[in-house]
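Every value quoted in this text rests on a predicted model; they were computed, and no experiment measured them.
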Amino acid sequence: MEFDGYDDPAYADPPQPPPSQKNLPWLAVGAVGVVLLLVLALSSDEPEIVVGGTRVQAQDGEGPEIVLVPASIPPELRVTRPPRVRISSPRPPTRPPTPQPTRLARLPASPRSRSPAPPLVTGRVAPRSPPPVPTGPPTPCADETRRSAGMAAYQAGNWRLAHELLCRESVCDPGDRDLAICACNASMRAFSDLVAAKRFADALRVANAAVKLPSRHFSNDVRGLLLYNQGLACLELSMYDHAVRIVREAKKLRNDPNVCQVLGIALRKLERWVESIREQECYFALNRRPDPIDYYWMIRSLDRAGQLQQAAVWADRAVAVYPGDQQLRKEWEQCRNRLAIEGGMQKKLVAPRFELSFDRRIPAQQAWQGKILKMLFDAYLKVSGTFDFYYDKTIQVVVYPTEGAYRSASGAPTWSGGQYDGKIRIPLKGTATSDEELGSVVVHEFTHLVVDKLSNGVCPAWLNEGLAQIEERRDMTAASELMKRYLADETLRRHMFGLAQMERSFSEIPDKDQANLAYAEAYFVTKFVLGRWGGPRVRKLLETMAAGKKPPEAVAATLGVDYGALQTAWLQHEARGLGLE
């Protein structure tokens, strides 16, 4: 059969619906899916989701919040399946209102603010932490009552009170120039009074508060002066590193000889000799009339730096300016003698502790060199272990070929067997020198070095010499006989030295018999102190002196007795020990 077309009704196409009705079933299915997704999202405990570097976190029905997640979060903690919640835009952070100055000091109410999101450590939403509770002191705010009280104290000359009130108010109100100037003046006056009273810790607190004043109201000169005061207080409290750092800043702002002087002293205390010399030269360039003590320390610094030729030049200059000063005249003579004797010496650095100077032209010195080095290392280990203090800088030791050369270079009396003045100076007595005697001298002088460093150079001679004799462990039979003779005779007993008389160096005692008595007293009183209070308390005594207290004050603070009571107690103890009571 042939088909002529599609005219037969059996083969006709079914009727088609209008185009607008074709997608209705699919739209209905989509709508139902969206509804189901929304229902599931609102009813389920949804885990937090990381999408594109953000984390979604629910917030009590307010909608999700996007919180940035650090890039360091491990990949295994990130949820990578598609999100099923709507992601909203980040909310701007809430800025707390700035507290306004009030008439009364009041802690402003802290605004509510969102705490930072906790670290992402699990796949679930972590509970929100409460806002942190402030733990520090309340922020100071301007107070008219305090300001009025501060100005009244300023007018009355009560500088300490004016400083405390006005400095605080000036920090609260940094725009008030007159207030800042008054606070600065009060601080400087209070600082001067405290330094004059030797209250350096309080002076440092005043200086610390003064440097925090609004600096835009002051010139560079005034700001440098405030820093100088702060550095000066640090120097007096033996905070040398802090003093150097602060005074260097002051020097950038203030071209003043006192600034160079304080900086030079702090560097000298740190034994940074080259830098100290440079600052002292700056001080001399700015100061028209330096004091004799300034010349003295300049000569000593050059000597410690090994610049003997320059030290001699400065000694000549010092005696030309102050021809009648006996101390400078003596230093000039010693400087010239040292240049003549030590100028030709060979220096040998024995790392990392000792620099030994000896005359290579004398064969006896060559023979003693190895023995002295061994004695020095033995003394270092022994004495440092006793005091639990290991000096970490180079120790300069000068060995003189004869006693005459030693006395000429050191200025020591004839009875002296060694000296420590920043350097350990040891004389040789030729073939008469024994190993035992030389070893005792080395231990004795090295003990002086340790005591000097622990006490910052202010240990009284009676304690310094007593500790040195105890450490060298010499035979004290002669000293015991001398003490027994003086304690048994009432007339001689009245001629004994008191502790206050034995604070100065024993090298100033020209008479050998008087020097022997002073050494004997120093030995027995120190032995008494060690026996009653122990070594740790004596170490504490040295550190108390280094902190700025004078020897009588340090003894009272550390041992609980004054000089008079200590003198009486040790004399009674020695009398009982010698069978005289």
Side-chain angles (χ1 to χ4, degrees), residues 159-160 162-164 166-168 170-171 174 180-287 290-291 293-294 297-298 301 305 392-393 453 455-458 543 545-549:
W159 309 117
R160 186 78 183 275
H163 152 78
E164 294 177 355
L166 296 182
C167 280
R168 184 178 180 183
S170 181
V171 172
I181 292 176
C182 290
C184 180
N185 289 334
S187 299
M188 290 186 180
R189 297 290 186 91
F191 178 85
S192 299
D193 293 343
L194 291 169
V195 168
K198 306 296 183 182
R199 296 171 57 185
F200 300 116
D202 293 332
L204 179 59
R205 283 191 284 270
V206 170
N208 289 341
V211 297
K212 297 177 182 177
L213 293 171
S215 60
R216 64 176 180 269
H217 300 305
F218 308 127
S219 64
N220 287 345
D221 192 64
V222 173
R223 285 189 287 140
L225 181 58
L226 295 176
L227 287 171
Y228 165 79
N229 289 345
Q230 190 180 24
L232 177 61
C234 289
L235 175 66
E236 294 290 351
L237 292 172
S238 302
M239 301 164 60
Y240 302 128
D241 289 311
H242 290 79
V244 169
R245 176 178 55 82
I246 294 169
V247 180
R248 281 198 192 279
E249 294 298 320
K251 188 178 178 182
K252 297 177 183 177
L253 301 172
R254 182 180 177 86
N255 190 26
D256 186 271
N258 294 325
V259 175
C260 299
Q261 184 184 38
V262 169
L263 184 54
I265 294 173
L267 290 167
R268 187 175 72 239
K269 291 291 187 179
L270 294 171
E271 300 187 21
R272 293 158 61 174
W273 302 110
V274 176
E275 297 175 77
S276 176
I277 292 168
R278 185 163 56 245
E279 296 302 330
Q280 291 179 75
E281 289 174 344
C282 177
Y283 166 75
F284 277 97
L286 295 173
N287 193 354
D291 293 329
I293 191 65
D294 299 322
W297 282 116
M298 185 65 173
S301 298
D392 59 354
K393 293 183 174 61
K453 302 307 176 185
S455 66
N456 196 22
V458 296
E543 293 173 345
M545 296 176 191
K549 288 188 178 294

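- Applying the salt bridge (charged side-chain N to carboxylate O under 4.0 Å, His left out) test to every pair with at least one member in residues 215-238, sequence neighbours left out, gives these pairs: Asp221-Arg254.
- Residues forming a side-chain hydrogen bond (donor to acceptor under 3.5 Å, both in side chains) with Asp193 (at least two apart in sequence, or on another chain): none.
- Each salt bridge (charged side-chain N to carboxylate O under 4.0 Å, His left out) pair with one or both residues in residues 195-204, not counting sequence neighbours, appears once here: Arg199-Asp202, Asp202-Arg205.
- The side-chain hydrogen bond (donor to acceptor under 3.5 Å, both in side chains) check on Arg189 picks up nothing, with sequence neighbours excluded.
- When every heavy atom of Ala233 is checked against every heavy atom of Phe200, the shortest pair comes out as CB-O, 4.2 Å.
- For the pair Gly264 and Ser276, the tightest heavy-atom approach, listed with the atom from each and the gap, is O-OG, 2.9 Å.
- A distance-only check finds a donor-acceptor pair linking the side chain of Ser238 to the backbone of Ala546 [under 3.5 Å].
- The two residues Ala190 and Val206 make their nearest non-hydrogen contact at CB-CG1, 4.3 Å.
- For residues 231-286, the set of pairs meeting the ring pair (Phe, Tyr, Trp, His ring centres under 6.0 Å) definition, not counting sequence neighbours, comprises Phe284-Tyr295, Phe284-Trp314.
- In this structure, NE2 in His217 is found 6.5 Å from OG in Ser170, a value given to the nearest 0.5 Å.
- Here Cys282 contributes atom SG and Asn287 contributes atom CG; the two are 10.5 Å apart, rounded to the nearest 0.5 Å.
- Counting heavy atoms from C-beta on, the side chains of Phe218 and Ile181 come closer than 4.5 Å.
- Summarising the local packing, CG of Asp291 is surrounded by more than 12 heavy atoms from other residues, nucleotides or ligands at distances under 6.0 Å.
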Step-by-step side-chain contact (heavy atoms from CB on, under 4.5 Å) determination, Asp294 to Gln280 = CA-CA 8 Å; Asp294 299 322; Gln280 291 179 75; over 6 Å; no

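- Under the rule for a side-chain hydrogen bond (donor to acceptor under 3.5 Å, both in side chains), the partners of Glu249 that lie at least two apart in sequence or sit in another chain are Lys252.
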Would you give me the side-chain donor-acceptor pairs under 3.5 Å for residues 224-231, sequence neighbours excluded?
| unit_1 | atom_1 | unit_2 | atom_2 | d |
| --- | --- | --- | --- | --- |
| Gln230 | NE2 | Asn208 | OD1 | 2.7 |

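- Rounding to the nearest 0.5 Å places CD1 of Ile246 at 11.0 Å from CG of Asp241.
- Not counting sequence neighbours, Arg268 has no partner by the salt bridge (Lys or Arg N to Asp or Glu O under 4.0 Å) test.
- The two residues Lys393 and Leu270 have their closest heavy-atom pair at CE-O, 3.4 Å.
- Residues Leu267 and Val244 come closest through the heavy atom pair CD2-CG2, 3.9 Å.
- Residues passing the salt bridge (Lys or Arg N to Asp or Glu O under 4.0 Å) test with Lys453, sequence neighbours excluded: Glu271.
- Cys167 and Ala183 get closest at one heavy-atom pair: N-CB, 3.9 Å.
- For the atom pair Cys184 SG and Leu166 CG, the distance stands at 11.5 Å (nearest 0.5 Å).
- Not counting sequence neighbours, the partners of Lys251 by the salt bridge (Lys or Arg N to Asp or Glu O under 4.0 Å) test are Glu279.
- Partners of Glu543 under the side-chain hydrogen bond (donor to acceptor under 3.5 Å, both in side chains) rule, at least two apart in sequence or in another chain, are Arg539.
- Every side-chain contact (heavy atoms from CB on, under 4.5 Å) that Ala243 has, sequence neighbours left out, goes to Cys234, Leu235, Ala266.
- Summarising the geometry, atom CZ belonging to Arg160 is positioned 5.0 Å from atom CG belonging to Leu194; distances are rounded to the nearest 0.5 Å.
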